[in-house]
Amino acid sequence: MSDVVVVDASLALKWVLDEPDSNTAVMLLNSWTNEGIDVIAPALFTYEVTNTLYRQVLKGKLTYDEAKQGFIDLFSSGISLQFTLYKDISKNAMEFAHHFNLPATYDAHYLALAQHKNCDYWTADTRLWNAVKGKLTWVYWFNDYHPQLVGTDPGLQ
C-alpha cells in the first residue's frame, strides 16, 4: 500500500457536512490518519470546496459562519494540496476526460494526480465513479470502505 492517497472534494466535504454517509467518509479519514497515510488533492480542490460550502449558504443549508468553520475544519484535517507539475497533470487530466467521456476536466485532475503519484484515489463523485469503475483498479468508491473489526474474521464482513 502506498503512503499517500488522493481524495476529491466530494469525499472530503463529507468530513465537514452532515450527510447521511458522512460517517463512512470520516472513518476513511481516521483510518488514513492512524496509518500515517498522506491525504492529497490537486490545487483545484480549494476552489471546489470553497464553492460548495458557499453554495450551501446560498441554499440556506448552512450559515455563513458554519461554512467558514467547515472550510477551517476541512483544511485542519491534514489534506495537502499538490501544485507541482500542474502542466503535466492538466494534460493527463484532459486525456482522462476524453477517454472516459467526462463533461469537464475538473474531476479528471484527481485521476491524473493519483496516476502521477502511483497511489489510490477515493471518490464520492457518482458520475465519475460510474465512468471509471472496473476500468481503473486504483480508483475506489468511498462507500465500499469496510473497516476491519478488531478480533473478527475479515470474511464475516
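As a basis for the values below, the full set of heavy atoms in this structure was taken, side chains included, without hydrogen atoms, waters or symmetry mates. All of these numbers come straight from a predicted model, not from anything done at the bench.
Taking a 6.0 Å sphere around CG of Asp18, one finds it holds 12 or fewer heavy atoms contributed by other residues, nucleotides or ligands. The number of heavy-atom neighbours closer than 6.0 Å to CE of Met27, taken from other residues, nucleotides and ligands shown, is above 12.
One finds the OG1 atom of Thr24 at 5.0 Å from the CG atom of Asn143 (value rounded to the nearest 0.5 Å). Here the CE-CD1 distance, from Met94 to Ile89, works out to 13.5 Å after rounding to the nearest 0.5 Å. How far SG of Cys119 is from CG of Leu113: 6.5 Å, rounded to the nearest 0.5 Å.
Transitive grouping of hydrophobic side chains (ILVMFWY, heavy atoms separated by less than 4.5 Å) brings Tyr145 and Leu29 into a common cluster. Hydrophobic clustering (ILVMFWY, side-chain heavy atoms < 4.5 Å, transitive): Val6 and Leu81 are in one cluster.
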Pairs under 3.5 angstrom only: tabulate donor-acceptor contacts from the side chains of residues 70-79 to other protein residues two or more places apart or in another chain.
unit_1, atom_1, unit_2, atom_2, d
Asp73, OD1, Gln69, NE2, 2.8
Ser76, OG, Ile72, O, 2.8
Ser77, OG, Leu74, O, 2.5

Cut-off 3.5 Å, no hydrogens considered: what does the side-chain donor-acceptor table look like for residues 44-60, sequence neighbours left out?
unit_1, atom_1, unit_2, atom_2, d
Glu48, OE1, Tyr110, OH, 2.4
Thr50, OG1, Thr46, O, 2.7
Thr52, OG1, Glu48, O, 3.0

Could you tabulate the donor-acceptor pairs under 3.5 Å formed by side-chain atoms of residues 124-137, not counting sequence neighbours?
unit_1, atom_1, unit_2, atom_2, d
Asp125, OD1, Arg127, N, 3.1
Asp125, OD1, Leu128, N, 2.9
Asn130, OD1, Lys133, NZ, 3.4
Asn130, ND2, Thr126, O, 3.3
Lys135, NZ, Ala131, O, 3.3

Quiz item: Do His116 and Asp88 pass the side chain to side chain contact (heavy atoms under 4.5 Å, CB included) test, and can you show the C-alpha distance, the side-chain angles, and the key distance before you say yes or no?
Solution: CA-CA 9 Å; His116 175 74; Asp88 292 336; over 6 Å; no
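The stretch residues 94-107 participates, sequence neighbours left out, in these side chain to side chain donor-acceptor pair (under 3.5 Å) pairs: Lys91-Glu95. Sorted by first and then second residue, the side chain to side chain donor-acceptor pair (under 3.5 Å) pairs with a member in residues 7-16 read Asp8-Ser10, Asp8-Tyr121, Asp8-Thr123, Lys14-Glu19, Lys14-Asp21; sequence neighbours excluded.
Taking the side chain as every heavy atom from C-beta outward, Leu17 and Leu62 approach each other to under 4.5 Å.
Shortest non-hydrogen contact noted between Ala97 and Ala108 is N-CB, 3.9 Å.
Using a 30° and 60° split on the angle between ring planes, Phe96 and Trp138 fall in the perpendicular class, above 60°.
For Phe142, there are no ring pair (Phe, Tyr, Trp, His ring centres under 6.0 Å) partners at least two apart in sequence or on another chain.
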